[in-house]
Student: 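So that we are looking at the same thing, I have put the structure below in structure tokens.
Along the sequence shown, residues are numbered consecutively beginning with 1. Computed from heavy atoms alone, side chains included, the values below leave out hydrogens, waters and symmetry copies. All ligand and atom numbering here is 1-based and tracks the order in the structure.
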Amino acid sequence: MFHLNRILVRTIFGLAFLAFPAVIVRLIFGADAGWAVFACGLLALLGYHVRNLSRLLDWLRGPDPGAMPSASGLWDDAFASLYRRERHHAHERQRMRGLVARYSQAGRALPDGVIVLDAENRIVWCNEKAEIRFGIDSTADAGQFVTNLVRQPELAEYLGAEDYARPIRLRTSRAGGLTLSIQIVPYDDAQKLLLARDITQAERLETMRRDFVANVSHELRTPLTVLAGFLETVRELELDPQRTRDYLDMMSDQSRRMQRLLDDLLSLSSLEAAPAPPGDERIVMSRLLARVRGDAENLSGGRHRVDLDANGDFDLLGSESEMASAFANLVSNAIRYTPAGGEVRLTWRAGADGADFSVEDTGIGITPEHIPRLTERFYRIDRGRSRETGGTGLGLAIVKHVLLRHQASLEIASEAGRGSRFTAHFPARRMIPADTPSKHDIAA
Ligand code: ADP
């Protein structure tokens, strides 16, 4: 109503403005001349409106607030109001673009694959993780049935049953073999989300955990069964004292075996739970090496030649008890897997840029296919030999753990029938000159 009044008032003023010269001309030159002037004025007004209308139409073809035509009178009002509206829309469009960009960025950042499906299970949108996990293309495959692209019967069944209370597991051969947990989340009548979480690692850990429990149970069951059998025999049968003693010896062997296994299990679990080893505590290498050599000689009982070759006035920084346990395991293996008469050589080479501790033997050696798996828990090449010599199958797992905790690595070189060399490489940051007091020594 307000606009109508304005238009009327302006139109009346405009006509009055045209009529005024026409009336003057009429008074001077007569009616015809007056009408002619009025008609000319009307034509000029019409031309003005046609021109502004054409400018408006031109502008509407590609509305750009910066290129808004300017005019006077009613057209100025119209252009100004269009200009304001267009500016508002441009601002809104900008805001929406930003919002879409932010949401698609968030979609990309999601660790899960996400596919938006319509009511018929056709792909509406998907993020990059879904593209990788299912091998689909968010642009080219939009509108395709997801089951045509992910051709796994379990998925078709899951979607068909329309019971999305639990996720399902899908195995794909993509990216070197993945296990995905697929969950459908309906979020309105027409759409649903398909979420694909990569649970490959979690599944691997679960398998490792199950294998570990099975291995521990098996390792404990064997000596326990033997113990129970001996106990039964000793209780039921009348045995001569020598026989009884033999049985008791065998029983204590089995209980020692269980004890060793539990000790190693406890060592491993405390290594896993313990905080990082100290970075400022000195391990006095001369003392540790002498102790390790003594252990080797005791274990060998004179059946091997044990040599120590230590070079370099540097100590290690870290946990002495952990390192002693790692070195003891390496030395114990060298003695146990080297027949009598063989040699075991301990070498320590240290400098400011790092150190190597190696245990070399002339024992039975290892064929190459076993080497990468030796540090796995309970991995043994010859189960019988390991057990006979008091092995638990956890020694090298402990060594690896201790070294990792000290940023060190283990290198294994071996040749079947000729011997093995296990070398621990320590980085420069774990080194300290042997005569320099560490922060810990100063504090003490
Ligand atoms: P185990 O208690 O059985 O010795 P480890 O974890 O210490 O367990 O070692 C794993 C396996 O690696 C052993 O069972 C053995 O087959 C092999 N092994 C380790 N050290 C040596 C070595 N010095 N010479 C030959 N084989 C070895």
Student: Is there a heavy atom in N329 that sits closer than 4.0 Å to ligand 1?
Tutor: no

Student: Identify the protein heavy atom lying closest to atom 6 (O) of ligand 1, giving its residue, its atom name and the separation to 0.1 Å.
Tutor: L396 N, 2.8 Å

Student: Which ligand 1 atoms are under 4.0 Å away from a heavy-atom of R336?
Tutor: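 Those atoms are 1 (P), 2 (O), 4 (O).
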
Student: Which is it for F422 and ligand 1 at heavy atoms under 4.0 Å: side chain, backbone, both or neither?
Tutor: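 It is the side chain that touches ligand 1; the backbone stays farther off.
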
Student: Using every non-hydrogen atom in the two residues, find where A350 and F314 come nearest and quote the distance to one decimal.
Tutor: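 Closest approach of A350 to F314: CB-CB, 3.6 Å.
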
Student: Check contact between G363 and ligand 1, using heavy atoms of the residue and a distance below 4.0 angstrom.
Tutor: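 Contact check G363 vs ligand 1: negative.
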
Student: Between T367 (side chain) and A416 (backbone), is there a donor-acceptor pair under 3.5 Å?
Tutor: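 No.
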
Student: Any luck finding a side-chain donor-acceptor pair between D263 and Q259 under 3.5 Å?
Tutor: yes

Student: At less than 4.0 angstrom from any non-hydrogen atom of T392, what atoms of ligand 1 do you find?
Tutor: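 Atoms satisfying the 4.0 Å criterion: 2 (O).
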
Student: Would you indicate whether the side-chain heavy atoms of V359 and R421 approach each other to under 4.5 Å?
Tutor: no

Student: Suppose I only count heavy atoms of I366 and a 4.0 Å limit; which atoms of ligand 1 are within that range?
Tutor: 25 (C), 26 (N), 27 (C)

Student: Considering only non-hydrogen protein atoms, determine which one is nearest to atom 7 (O) of ligand 1 and report residue, atom name and distance to 0.1 Å.
Tutor: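 For atom 7 (O) of ligand 1, the nearest protein heavy atom comes out as N333 ND2, 2.8 Å.
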
Student: Which atoms of ligand 1 have any heavy atom of S386 under 4.0 Å away?
Tutor: 1 (P), 2 (O), 3 (O), 14 (O)

Student: State the atoms of ligand 1, each with its element, that fall below the 4.0 Å cut-off from a heavy-atom position in G391.
Tutor: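 This gives 2 (O) as the contact atoms.
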
Student: Ignoring hydrogens and geometry beyond distance, is a side-chain donor-acceptor pair present between S358 and D356 at under 3.5 Å?
Tutor: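 Side chains of S358 and D356: no pair found under 3.5 Å.
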
Student: Please state which protein non-hydrogen atom is closest to atom 13 (C) of ligand 1 and give its distance, to 0.1 Å?
Tutor: Y337 OH, 3.3 Å

Student: Does either side chain, that of Q242 or that of D246, offer a donor lying less than 3.5 Å from an acceptor on the other one?
Tutor: yes

Student: CZ of R418: more than 12 outside heavy atoms within 6.0 angstrom?
Tutor: no

Student: Identify the protein heavy atom lying closest to atom 11 (C) of ligand 1, giving its residue, its atom name and the separation to 0.1 Å.
Tutor: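 For this ligand atom, the closest protein heavy atom is Y379 O, 3.6 Å.
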
Student: May I ask you to identify the nearest protein heavy atom to atom 12 (O) of ligand 1, giving residue, atom name and distance to one decimal place in Å?
Tutor: L374 CD2, 3.4 Å

Student: Quick test: of every protein heavy atom, which one is nearest to atom 23 (N) of ligand 1, and how far off is it to 0.1 Å?
Tutor: D361 OD2, 2.9 Å

Student: Return the closest protein heavy atom for atom 8 (O) of ligand 1 as residue, atom name and distance.
Tutor: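 Of every protein heavy atom, G393 CA, 3.2 Å lies nearest to atom 8 (O) of ligand 1.
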
Student: What I'd like to find out is whether the side chain of L117 reaches to under 4.5 Å of the side chain of I123, using heavy atoms alone.
Tutor: yes

Student: Answer with yes or no after comparing the ring centroid distance for F357 and F426 against a 6.0 Å cut-off, counting only values under it.
Tutor: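 Aromatic pair excluded; centres sit 6.0 Å or further apart.
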
Student: Please work out whether any backbone atom (N, CA, C, O) or any side-chain heavy atom from C-beta onward of V399 is under 4.0 Å from ligand 1, and answer side chain, backbone, both or neither.
Tutor: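 Looking at V399 and ligand 1, no heavy atom falls under 4.0 Å.
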
Student: Just which atoms of ligand 1 are under 4.0 Å from any heavy atom in R380?
Tutor: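 What qualifies from ligand 1 is 3 (O), 14 (O).
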
Student: Give a yes/no verdict on a cation-pi contact between R377 and F212, requiring under 6.0 Å between NZ or CZ and the six-membered ring centre and an angle within 45° of the axis.
Tutor: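 Because its charged atom sits under 6.0 Å from the ring centre and within 45° of the axis, R377 does stack over F212.
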
Student: Taking non-hydrogen atoms only, is I381 closer than 4.0 angstrom to ligand 1 via side chain, backbone, both or neither?
Tutor: both

Student: Tell me, do L330 and L396 make a side-chain contact under 4.5 Å, heavy atoms counted?
Tutor: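 Contact flag for L330/L396 side chains = yes.
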
